[in-house]
There are 2 protein chains.
Amino acid sequence: MEAYTRDNMADVLRKHGINPTHQRIEIAFALFSRQEHLSADQIMAIVNLRHSETSKATVYNTLNLFLQRKLIREVIVDPSKVFYDPNTRPHHHFYDVVSGRLTDIEAGDLTLSGLPDLPDGVVTEGVDIIIRVRPQQTQPA
Amino acid sequence: MEAYTRDNMADVLRKHGINPTHQRIEIAFALFSRQEHLSADQIMAIVNLRHSETSKATVYNTLNLFLQRKLIREVIVDPSKVFYDPNTRPHHHFYDVVSGRLTDIEAGDLTLSGLPDLPDGVVTEGVDIIIRVRPQQTQPA
DNA sequence: TAAAAAAATTGGACGCTGTCTAATATTGAG
DNA sequence: CTCAATATTAGACAGCGTCCAATTTTTTTA
Ligand SMILES: [Mn+2]
Ligand SMILES: [Mn+2]
Ligand SMILES: [Zn+2]
Ligand SMILES: [Zn+2]
């Protein structure tokens, strides 16, 4: 319930065992202040808006570090790019196949029943539910 | 309940408004005879096993044509490649994140309840449910 | 069947996402 | 401040998928 500032982003990073460098703070701030699902290239564009200071390598290094430390998660829904999601609570997604926009569905009251037993010798790592939607077709009169 | 042959593949293609060329028949046969989830490069390898006769461009042209005519569907689960699925009945997937293998879950008795209303002005195009699994960790004694 | 038109295939160039590497720069512990 | 550890960087590289113009195959027409 607290506004995100670069200062408290640094604290969040430290809490996840991540050294808060300039670049890492900017990348985290881009994701958390917007609370949107962004691709790596969108993040790089945002972070370098004012003046270029973060390389492509660092953007990917950082996003992968954030994933590993479970500060963010990835959403795989577009065959050509990964989206990074600052929301790590259990939740699912609407995906607008035309605009490419992702919207959260809180997992709260959503239940999935009738699942078959897991194949032997495997454990669940996660459940991804994606509702693909498209804008209502406007009917020619 | 009928075995797939190259001959009846040609009929299937025609029924979907697709001109059954040699290459298209081979690609369809690779998918339907195996009933597996294959990536484009796996399909190309299968089709060119005996002697090379199908180019990368044709593999992609053909898969995209099949998708468009709804002869197959795609499964987006791995950020680095698309899987093509000869099963077009409504169904979902187990995805083994270690081996990369996909397994079908029949949609039959699976229900999803508690979904919020769709955002205004959009219609559902499909629901993808992916259960990510990994092999049971073998405990060191 | 022969000729012409239409449709499909092809190799290779290309674009984009993401990774890697070795050099450089920053950080922070002492 | 020193210096070792950590992080960043440019740019090369790799893989997936698309595009293009030239060629080949298929279908239509006569
Ligand atoms: Mn990734
Ligand atoms: Mn595709
Ligand atoms: Zn989300
Ligand atoms: Zn399937």
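One atom, CG of A:D78, and another, P of C:dG18, lie 9 Å apart when rounded to the nearest Å. What separates CD of A:E74 from C1' of C:dG18 is a distance of 12 Å, to the nearest Å. Between B:R69 atom CZ and C:dA7 atom C1' the separation is 12 Å, expressed in whole Å. A:R14 has its CZ atom 16 Å from the C1' atom of D:dT6, to the nearest Å. Taking atom CZ of residue A:F83 and atom C1' of nucleotide C:dG18, one finds them 15 Å apart after rounding to whole Å. Atom-to-atom, CE of B:M44 to P of D:dG17 comes out at 12 Å; the value is rounded to the nearest Å. Spacing between atom CD of B:E26 and atom C1' of C:dA8 amounts to 16 Å, rounded to whole angstrom units. Spacing between atom CG of B:L63 and atom C1' of C:dA8 amounts to 15 Å, rounded to whole angstrom units.
Pairs of residues two or more places apart, or lying in two chains, that qualify as salt bridge (charged side-chain N to carboxylate O under 4.0 Å, His left out) and include a residue from residues 88-108 of chain B are B:R89-B:E106.
The side-chain contact (heavy atoms from CB on, under 4.5 Å) test with A:V75 is passed by exactly one of A:D85, A:V82, A:N87: A:D85.
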Using distance only, find each side-chain donor-acceptor pair of residues 26-33 of chain A under 3.5 Å and give its atom names and separation, not counting sequence neighbours.
{"unit_1": "A:E26", "atom_1": "OE1", "unit_2": "A:R6", "atom_2": "NH2", "d": "3.3"}
{"unit_1": "A:E26", "atom_1": "OE2", "unit_2": "A:R6", "atom_2": "NE", "d": "2.6"}
{"unit_1": "A:S33", "atom_1": "OG", "unit_2": "A:F29", "atom_2": "O", "d": "2.6"}

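An OP1 or OP2 oxygen of D:dG17 is reached within less than 4.0 angstrom by a side-chain nitrogen or oxygen of B:Y60. Of the side-chain N and O atoms in B:Q23, none sit less than 4.0 angstrom from OP1 or OP2 of D:dT25.
With no hydrogens or angles considered, no side-chain donor-acceptor pair links A:R73 and A:H37 at under 3.5 Å.
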Open item on the list: Does the protein touch nucleotides 20-30 of chain C at the base, only the backbone, or not at all? Give it as B, S and - per nucleotide, heavy atoms under 4.0 Å.
Closed with: B------SS--

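Look at A:D78 and A:K81 and you find no salt bridge, because none of the NZ, NE, NH1 or NH2 atoms lies under 4.0 Å from a carboxylate O.
Here C:dT10 is the nucleotide among C:dT19, C:dG18, C:dT10 with the atom lying nearest to any side-chain atom of B:T58. Listed nucleotides C:dT10, D:dT8, C:dT17 differ in distance to A:K81; the shortest reach to its side chain belongs to C:dT17. Of all nucleotides listed (C:dT9, D:dC16, C:dG18), D:dC16 comes nearest to the side chain of B:D41.
Residue A:S39 is out of contact with every strand shown, counting any heavy-atom pair closer than 4.0 Å.
Although no hydrogens or angles enter the test, the distance criterion places no donor-acceptor pair under 3.5 Å between the side chain of B:N48 and the main chain of B:A45.
Nearest heavy atoms, A:P119 versus A:V122: O-CG2, 3.1 Å.
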